[in-house]
Amino acid sequence: MKGTKLQDVLKARFKNHGGARVSHYKNTKAQKVVRMPAPAKVLLPMQQHIGAPCTPTVKVGDEVAIGQVVGDSEAFVSAPIHATVSGKVTAVGDIKISTGASVPGVTIESDGEMRLYDGIKPPEFDTKEKFLKAVRDSGLVGLGGAGFPAHVKLNFKDELNVDTLIINGAECEPFITVDYREMMDSPSDILYGIYQTKKAIGFKNVIIAVEDNKPDVFDVLKKADEELPESDHSVQFVMLKSEYPQGAEKVLIRSVTGKEVPVGKLPADVGVVVMNVTSIAFLGRYLKTGKPLVSRSLTVDGSAIAEPKNVRVPLGTPICDLIEFCGGFKAEPYKITMGGPMMGITVPEFCMPVIKNNNAILCFAKESLPIKKQTNCINCGKCVRTCPMKLIPCRISKAYTNKNVEDLQALWATNCMECGCCSYVCPAGIPLVQNIKLGKALLREEKLKEEAAK
């Protein structure tokens, strides 16, 4: 594939029904990322990714430096946790995370020096296996919100014939603008990460996909591609129609390639791997410096925030410290979400820590959140028309309410990606996506019971 000029950029859109027209609210789009000073302490949960949690590798009283491993696991689907400030380990014990669960964690009291660990150096690799080990050592997981370990995503079977890497720059959820800032401010890191990954893994095609509400990104990325010494100018640029949830992995693949990922299958099964644009930018920097994933940028916004910002913070920073850095509250917060307003999780406690896949903290005053009064389903079909995965949300929700496991299976509840479109458009105010989440949990419980019985 040859690189395209801006005027030749492909216009791509959903290949079928689905999606919702949500307001963008990209209030912090023009604000460059500012770095927050080190907090007094960081809380590092050992579960910051999809897969097996890590086990603490340090003890109370240990002195640690930035980039030093403080948690790891022998499991394949896992990623190490690193110290994000220098200082002393003051606690090794349970930390509550956004789901409300308590998981093992490490608390580090900062010494204010932000010293780097002596062992940090750029990784050396000349094979695919060594590259994948370097990716794992970096601690990288999907920074767009999914939290899937990057070394697992890139370690697909040869017989799958995966030849295409799609870089996801859609950032379709309202309010969040850190991916946009990454593309505008660090294009050379993105392109360097792309070409190193392409060479190491053997991708034939690389496509950067961005929604059409960010046209300035293409000029910046194209110029970076022309100037980067490592570039072979083979990257394609695809402009996506601005529709939610355009950035969802399976929707993005359908929009860009026309391929459908079958139910129960992964993108690699149709020859594609998708990586978030901030993830590939981090990888580019890590390959040059060896500094693992110890901080991230996130958007702080919402009607209750005094000074909305894009902020770079050490992982494990308490949310309350982050909000204080953004001027505190200008109104009483009614709802605080970790992530966007469509797919984010409501934070049950104010001082929970920022984790790897947390791309936003949004705080809303009550008057800015219109709450629908729940009534009975009127069978209008809006949830069906808006579901990008071609599901029947109202029936799945009813199946959960009735605790009907067979119906949940027959209606493919597990294929729901929890985008929230169904709840957004439901005139009856039924919490469809929440019920579907609970239905999926019910299916997992039933599966565990069946396995235990065997």
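Worth saying up front: this structure is predicted, and the values here are computed from it rather than measured.
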- Query: Among pairs that include at least one residue of residues 293-324, which meet disulfide (SG to SG under 2.5 Å), considering only residues two or more places apart or in two chains?
  - Reply: C320-C351
- Going by the ring-ring contact (aromatic ring centres under 6.0 Å, His included) test, which pairs reach into residues 94-136, not counting sequence neighbours? F125-F131
- Message: Between K214 and E171, does any NZ, NE, NH1 or NH2 come within less than 4.0 Å of an OD or OE carboxylate oxygen?
- Response: no
- For S86 and M114, which heavy atoms make the closest approach, and how far apart are they? OG-N, 3.0 Å
- What pairs of residues pass the side chain to side chain donor-acceptor pair (under 3.5 Å) test when at least one of them lies in residues 148-159, not counting sequence neighbours? K153-E249
- Query: Taking C-beta and beyond as the side chain, do Y400 and L443 meet within less than 4.5 Å on heavy atoms?
  - Reply: no
- Does a side-chain N-to-carboxylate-O contact under 4.0 Å join K454 and E451? no
- What pairs meet the ring-ring contact (aromatic ring centres under 6.0 Å, His included) rule with one or both residues in residues 304-333, with sequence neighbours excluded? F329-F350
- Message: Which residues pass the side chain to side chain contact (heavy atoms under 4.5 Å, CB included) test with E230, not counting sequence neighbours?
- Response: Y192, Q196, L228
- Task: Answer yes or no: is there a side-chain heavy-atom contact under 4.5 Å between V106 and I81?
- Result: no
Please tabulate, for the side chains in residues 87-97, all donor-acceptor contacts under 3.5 angstrom to protein atoms that are two or more places apart in sequence or on a different chain.
from: K96; atom 1: NZ; to: E349; atom 2: OE2; distance (Å): 3.3

- Query: So, the side chain of N276 versus the backbone of G142: is there a donor-acceptor pair under 3.5 Å, distance only?
  - Reply: no
- Give the minimum heavy-atom separation between S73 and A75, together with the two atoms involved. OG-N, 3.0 Å
- For P348, check side chain to side chain contact (heavy atoms under 4.5 Å, CB included) against everything at least two apart and list the hits. M352
- Task: Scan for ring-ring contact (aromatic ring centres under 6.0 Å, His included) pairs involving residues 288-324, sequence neighbours excluded, and state none if there are none.
- Result: none
- Item | Sequence neighbours excluded - side chain to side chain donor-acceptor pair (under 3.5 Å) pairs with any residue from residues 130-141 | D72-R136, D126-K130, K133-D137
- Query: With side chains defined as the heavy atoms from C-beta onward, is the minimum distance between V294 and L315 less than 4.5 Å?
  - Reply: no
- Query: Does V433 offer a backbone N or O that forms a donor-acceptor pair with the side chain of S423 under 3.5 Å?
  - Reply: yes
- Task: Can you sort out the partners of Y424 under side chain to side chain contact (heavy atoms under 4.5 Å, CB included), two or more places apart, ordered by chain and number?
- Result: A20, V22, M342
- Query: Is K222 salt-bridged to D219, cutoff N-O under 4.0 Å?
  - Reply: no
- Task: Indicate yes or no: at least one non-hydrogen side-chain atom of P353 is less than 4.5 angstrom from one of L44.
- Result: no
- Task: Quick one: which residue pairs count as a ring-ring contact (aromatic ring centres under 6.0 Å, His included) with a foot in residues 42-64, not counting sequence neighbours?
- Result: none
- Item | Under the side chain to side chain contact (heavy atoms under 4.5 Å, CB included) test, residues paired with E307 that sit two or more places apart | K309
